[in-house]
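Structure, as structure tokens:
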Amino acid sequence: MQWSIIFIDSEGEPIQELSALEMNFKSKEIVDVFHGHAFTTELDSFSRRHVHGLNPVLLKKTGYENTYKLLKAFHSWRKINRV
């Protein structure tokens, strides 16, 4: 049985960027990585100005359609090859 640790970082309110790193607990090797962006129509001026600065036009073109779909993709990633 392999034990892993998952480190998660999210940016924005609501979440517009989500990154995760899975590391093997014993060997300290990186097992897998998740990184995604989501578009939102909600106002996030503080985070955009002071935290992540993600361009909303870029998010609309290249990101997930909304935060819900970003989180759904993350949960799917988390379940892959996990027991």
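Worth knowing before you read on, the calculation uses all heavy atoms, side chains too, and leaves out hydrogens, waters and symmetry mates.
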List the residues meeting side chain to side chain contact (heavy atoms under 4.5 Å, CB included) with [X], not counting sequence neighbours, and say none if there are none.
X: Ser19; answer: Glu17, His35
X: Thr67; answer: Pro14, Ile15, Ala38, Leu71
X: Lys72; answer: Tyr68

Quiz item: Checking side-chain contact (heavy atoms from CB on, under 4.5 Å) against Glu22, which of Ile30, Val31, Ile5 comes through?
Solution: Val31

Quiz prompt | By ring-ring contact (aromatic ring centres under 6.0 Å, His included) - contacts of Phe39 (at least two apart) | solution = none

Quiz item: Which residues pass the ring-ring contact (aromatic ring centres under 6.0 Å, His included) test with Phe34, sequence neighbours left out?
Solution: Phe74, Trp77

Self-check item: salt bridge (charged side-chain N to carboxylate O under 4.0 Å, His left out) partners of residues 54-65, not counting sequence neighbours, each pair once
Solution: Glu65-Lys69

Quiz item: To the nearest 0.5 Å, how far apart are CE in Met23 and NZ in Lys28?
Solution: 5.5 Å

Quiz prompt | Euclidean distance, Arg78 CZ relative to Asp32 CG, rounded to 0.5 Å | solution = 13.0 Å

Practice problem: Using the rule that two of Ile, Leu, Val, Met, Phe, Trp, Tyr join whenever any of their side-chain heavy atoms come within less than 4.5 Å, decide whether Phe25 and Val33 are in one cluster. | Solution: yes

Self-check item: Gln16 and Glu11, any side-chain heavy atoms less than 4.5 Å apart
Solution: no

Self-check item: Leu21 and Ile6, any side-chain heavy atoms less than 4.5 Å apart
Solution: no

